[in-house]
Amino acid sequence: YYSVALSSDDKYAYMASTAGYGTVIYDVSDPLRPAVVSQLQSDGIPLNYATSADNQTLYIADYSNFTIGDLSDPANPVVTATVALDDNAWDIALSSDESKVFLAGGGLMIIFDVSDPTIPVLLSSVETGDVARGLELSGDNTTVYLANGNSGVQMIDVSDATEPVIGAVSYTHLTLP
C-alpha cells in the first residue's frame, strides 16, 4: 500500500494499492479485526486522498488522473468522474467548503471546482518550476504550501482560485544554527 485516509467517523480506511487493486476500502470500526469491504477501481494509481466531511465522496490523486468516487454505499463504491492529467498527481487537498480540489501534479499545482463532484471543472493551474509532490491548504483556504522538489516550499496565493499567484519560496539549502 502507498497511502491511507480515514473516514471522518474513523469507521473506514481507504488504502491506496499500487499493485493494481485501486483503492481498497476497509471497515476499521474494530481495530483488532479490520475487514475488507470493497475496492474502488480507477484508471490510475491512487497516491493520496481527500475525503468529504460526510464520508460520501473520495477525491483521489490518481497518478495520471484526478478521480472522484461516490462512497455513499461503501460496499459498492462508484467512480463518478475521472480527469486525465498532463502530469502526475502526487498529492491532494480539499477546501473546507468542499468546493475546490488542489492537486500537486508534477510541475503544476492544479485547481478544480468540484461543487458538482460528477463534473469537475478545471479552474486554473500554475507552473511550479520543479516537481510538486506534496501540498497543504491553509485553514482559511487562501494559501497552498507546496513541497516543490529542490525548489523548497512555495507559498501560492489561491484566494482567487482562477488566478493563483506564486509568492514566497523557502529554499531547502539552509544553514542551520
Side-chain angles (χ1 to χ4, degrees), residues 2-9 12 14 16 22-23 25 40 42-72 74 77-149 151-170:
Y2 188 85
S3 182
V4 63
L6 289 174
S7 60
S8 62
D9 60 4
Y12 295 101
Y14 312 107
T23 299
I25 301 172
L40 178 65
S42 58
D43 291 335
I45 300 169
L47 297 179
N48 271 302
Y49 301 106
T51 57
S52 63
D54 65 1
N55 303 315
Q56 301 294 303
T57 309
L58 186 66
Y59 302 92
I60 308 169
D62 210 10
Y63 198 63
S64 58
N65 298 295
F66 164 47
T67 301
I68 302 175
D70 178 346
L71 302 176
S72 56
V78 176
V79 171
T80 58
T82 300
V83 178
L85 302 172
D86 292 333
D87 211 332
N88 300 326
W90 292 97
D91 201 5
I92 191 165
L94 180 64
S95 62
S96 58
D97 67 358
E98 301 186 0
S99 68
K100 291 177 220 47
V101 160
F102 301 81
L103 290 166
L108 300 171
M109 194 275 304
I110 308 164
I111 305 173
F112 283 94
D113 178 330
V114 292
S115 49
D116 178 349
T118 63
I119 307 171
V121 175
L122 177 66
L123 292 177
S124 61
S125 64
V126 62
E127 290 187 17
T128 66
D130 210 326
V131 181
R133 292 271 174 99
L135 59 78
E136 190 70 33
L137 182 61
S138 64
D140 64 2
N141 297 295
T142 62
T143 306
V144 168
Y145 297 87
L146 187 72
N148 199 36
S151 297
V153 176
Q154 287 186 323
M155 280 63 87
I156 302 174
D157 179 346
V158 294
S159 53
D160 177 355
T162 63
E163 297 282 337
V165 176
I166 293 181
V169 176
S170 174

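Note: hydrogens, waters and symmetry copies are ignored here, and every other heavy atom, side chains too, is used. Just so it is clear, the structure is predicted and the values come from calculations on it, not from any experiment.
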(request) Would you mind telling me which of Val144, Leu123, Val165 makes a side-chain contact (heavy atoms from CB on, under 4.5 Å) with Val158? (result) Val144
(request) Please report the shortest heavy-atom distance between Ser95 and Leu137, naming the atom on each side. (result) CA-CD2, 3.6 Å
(request) Determine the minimum heavy-atom distance between Asp130 and Gly149, stating which atoms define it. (result) OD2-C, 3.8 Å
(request) Ignoring hydrogens and angles, tell me if any N or O in the side chain of Asp62 forms a donor-acceptor pair with the backbone of Ile45 under 3.5 Å. (result) yes
(request) Return each pair, listed once, that meets side chain to side chain donor-acceptor pair (under 3.5 Å) where at least one residue sits in residues 78-91; pairs must be two or more places apart or across chains. (result) Tyr63-Asn88
(request) Please name the pair of heavy atoms, one in Pro120 and one in Pro117, separated by the smallest distance, quoted to 0.1 Å. (result) CD-O, 4.2 Å
(message) Contact between Ile68 and Phe112 at the side-chain level, heavy atoms closer than 4.5 Å - yes or no?
(response) no
(request) May I ask you to test the Ser3-Leu47 pair for a side-chain heavy-atom distance under 4.5 Å? (result) no
(message) What's the separation between atom CG in Asn48 and atom CZ in Arg133, rounded to the nearest 0.5 Å?
(response) 11.5 Å
(message) Are Leu40 and Tyr14 packed together at the side-chain level, in the sense that at least one heavy-atom pair is separated by less than 4.5 angstrom?
(response) no
(message) What I'd like to find out is whether the side chain of Tyr145 reaches to under 4.5 Å of the side chain of Ser138, using heavy atoms alone.
(response) yes
(message) Let me confirm one number: the CD1-CZ distance from Ile60 to Phe66, rounded to the nearest 0.5 Å.
(response) 9.0 Å
(message) So which atom in Ala84 and which in Asn65 form the shortest heavy-atom distance, rounded to 0.1 Å?
(response) CA-OD1, 3.3 Å
(message) Using every non-hydrogen atom in the two residues, find where Thr67 and Ser42 come nearest and quote the distance to one decimal.
(response) CG2-CB, 4.0 Å
(request) With rounding to the nearest 0.5 Å, note down the distance linking OH in Tyr59 to CD1 in Ile92. (result) 9.0 Å
(message) So which atom in Asn148 and which in Ala132 form the shortest heavy-atom distance, rounded to 0.1 Å?
(response) OD1-N, 3.3 Å
(request) Given side chain to side chain contact (heavy atoms under 4.5 Å, CB included), test Val114 with Leu94 step by step and report yes or no. (result) CA-CA 9 Å; Val114 292; Leu94 180 64; 4.2 Å; yes
(request) First locate atom CG of Asp140, then atom OG of Ser159, and finally report the distance between them rounded to the nearest 0.5 Å. (result) 9.0 Å
(message) Please check this pair: side chain of Gln154 against backbone of Thr128, looking for a donor-acceptor N/O pair closer than 3.5 Å.
(response) yes
(request) May I have all residue pairs that pass side chain to side chain donor-acceptor pair (under 3.5 Å) and include part of residues 117-126, sequence neighbours excluded? (result) Asp116-Thr118
(message) Would you say that Leu71 contacts Ile25 through its side chain, given a criterion of any heavy-atom pair below 4.5 Å between the two side chains?
(response) yes
(request) Taking atom CD of Glu136 as the centre, report whether more than 12 heavy atoms of other residues, nucleotides or ligands fall under 6.0 Å from it. (result) no
(request) Mark yes or no for whether Asp157, through its side chain, and Gly167, through its backbone, hold a donor-acceptor pair below 3.5 Å. (result) no
N/O donor-acceptor pairs under 3.5 Å from side chains in residues 98-110, not counting sequence neighbours:
{"residue": "Glu98", "atom": "OE2", "partner": "Ala53", "partner atom": "N", "Å": "2.6"}
{"residue": "Ser99", "atom": "OG", "partner": "Asp97", "partner atom": "OD1", "Å": "2.8"}
{"residue": "Ser99", "atom": "OG", "partner": "Asp97", "partner atom": "OD2", "Å": "3.2"}

(message) Measuring from atom CD of Gln56 to atom OG1 of Thr51, what distance do you get when rounded to the nearest 0.5 angstrom?
(response) 11.0 Å
